[in-house]
Protein chains: 2
Amino acid sequence: MTCPEELDPTRLLTPRAREVLAAARAVLERQGWEALTMRTLADELDIAAPSLYKHFASKEALRGQLAALALKEFGEAVRPVTTVAALVRRYRDVATAHPQLYRLSTSGPLDRAALPPGLEDWSGSPFLEATGDPHRAQALWAAVHGMVVLELDGRFPTGAAPEATWRELVRHFS
Amino acid sequence: MTCPEELDPTRLLTPRAREVLAAARAVLERQGWEALTMRTLADELDIAAPSLYKHFASKEALRGQLAALALKEFGEAVRPVTTVAALVRRYRDVATAHPQLYRLSTSGPLDRAALPPGLEDWSGSPFLEATGDPHRAQALWAAVHGMVVLELDGRFPTGAAPEATWRELVRHFS
DNA sequence: AAAGTTGGCTAACAGCGTTAGCCCACGAAC
DNA sequence: GTTCGTGGGCTAACGCTGTTAGCCAACTTT
């Protein structure tokens, strides 16, 4: 299920900027946000750190583009929507498959001005589709997100959330 | 509702370390984690930054103590437990009253080794009390946490989560 | 041929967490 | 009553961070 072209956050980037973004993503997924410094990123591309500023105004801007990219990819990965249970399953799987990207795109403030208009709504719409009601959709999204972040951060006593907890959550929203 | 003395995370700290911790908390709540640097904290106490290391081994250790403190205080603030609805209401209120402390204590990894044994369980037990079932408790906790962090990060289109979404969530768990 | 754009470079700065090494005040021990 | 350990401060400095300034080569457009 692919994202409408006009929502592609990399649409306005130069080819070189797209390469930088891809490298940033690679470092992020491989080593985490902490390890993604302007210098390590520059090393990955075999250029000097200040040269990165030819493509992104700041590290924060780069972060924003990564977040936008994640919004798009997760939105795609979760489609097409069938049942609540299937949506939750897919959401969980894709988030845990890309934990760093997920965390980046879902925690901390989101610079909406830097997002293609409509992308955020589009990425959230599967929950609306699955539940049929905006508030139910928000509540489900929040619940699933809560489970995922607690799981990623190892906040459950068992490490990952027990299957039974996931089932319980799905049950409440089905 | 007060925390058992043996779970008090500041129990083993020297008086001076407690003062440092209190100052750190003040800066954190006033200006956020980003602004809480070893130097700004030292300024707050009218000492030099390296002197802080007489009381805490690292900034990470200090962060851990702040998280432990938050666990204790939030655990207290949410008691005594009556209904699911009341628990959710209290949880939400106390979290939004201390957003920085809440975020600090609930996101990112938690250094359990530095926590008084039992504190984490104690802080989570209200959810068990309210739901009567461990998996229901975890699911509810995750859901409420998800709502709170999305709210704190301004991730809902309206800024805060709509009342109706909170009601929806409570309804599913009541 | 001229001009502008793209994408690189080095040198440097301020702020970050942190370490090393020194010093002084105070309470206990010989 | 002096010695000694300890608690709590200090300055100087290091390596790392994001970022700026200023320069330069190549390529494209006029």
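Proteins come first, then strands; the chains are lettered A, B, ... in the order of their sequence lines, and each starts at number 1.
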| Residue A:S58, side-chain heavy atoms: nucleotide from D:dC10, C:dG17, D:dT19 that is nearest | D:dT19

| query | Would one find more than 12 heavy atoms of other residues, nucleotides or ligands at under 6.0 Å from atom CD of B:E163? | reply | yes

| field | B:D43/B:R39 salt bridge by N-O under 4.0 Å criterion | value | no

| query | In whole Å, what is the span from the CG atom of B:L13 to the C1' atom of D:dG8? | reply | 16 Å

| query | If you look at every strand shown and take non-hydrogen atoms under 4.0 Å, does B:S51 touch a base, only sugar-phosphate, or nothing? | reply | base

| query | Heavy atoms under 4.0 Å, any strand shown: does A:K54 hit a base, just sugar-phosphate, or nothing? | reply | base

| query | D:dT19 C1' sits how many Å from A:I47 CD1, rounded? | reply | 15 Å

| said: Of the listed nucleotides (D:dT17, D:dC10, C:dC9), which one gets closest to any side-chain atom of A:A48? | reply: C:dC9

| task | Ignoring backbone atoms, test whether A:H55 places a side-chain nitrogen or oxygen under 4.0 Å from the OP1 or OP2 oxygen of C:dG8. | result | yes

| query | When you match A:Y53 and B:R16 each to their closest nucleotide on DNA chain D, which lands nearer the 5' end? | reply | B:R16

| said: Between B:T10 and B:D8, do the side chains contain a donor N or O and an acceptor N or O under 3.5 Å apart? | reply: yes

| note | The residue, A:E60 or B:A49, whose nearest nucleotide of DNA chain D is more 5′ is B:A49

| Distance, rounded to the nearest Å, where A:L36 contributes CG and D:dT17 contributes C1' | 12 Å

| query | Can you tell me how far C1' of C:dG17 sits from CZ of B:F56, to the nearest Å? | reply | 16 Å

| query | Can you tell me how far P of C:dT10 sits from CG of A:L52, to the nearest Å? | reply | 13 Å

| Tell me: CH2 of B:W33 to C1' of C:dG17, nearest whole Å? | 11 Å

| message | Is it true that, when you exclude A:E5 itself, more than 12 heavy atoms of the residues, nucleotides or ligands shown sit nearer than 6.0 Å to its CD? | response | no

| field | Any side-chain donor near an acceptor of the partner, B:R79 and B:S125, under 3.5 Å | value | yes

| task | Nearest whole angstrom, please: distance from the P of D:dT17 to the NZ of B:K59. | result | 15 Å

| task | Measure the distance from CD on B:E19 to P on D:dG8 and round it to the nearest whole Å. | result | 9 Å

| request: Report which part of the nucleic acid A:R39 touches: base, sugar-phosphate, or nothing (heavy-atom distance under 4.0 Å, all strands). | output: base

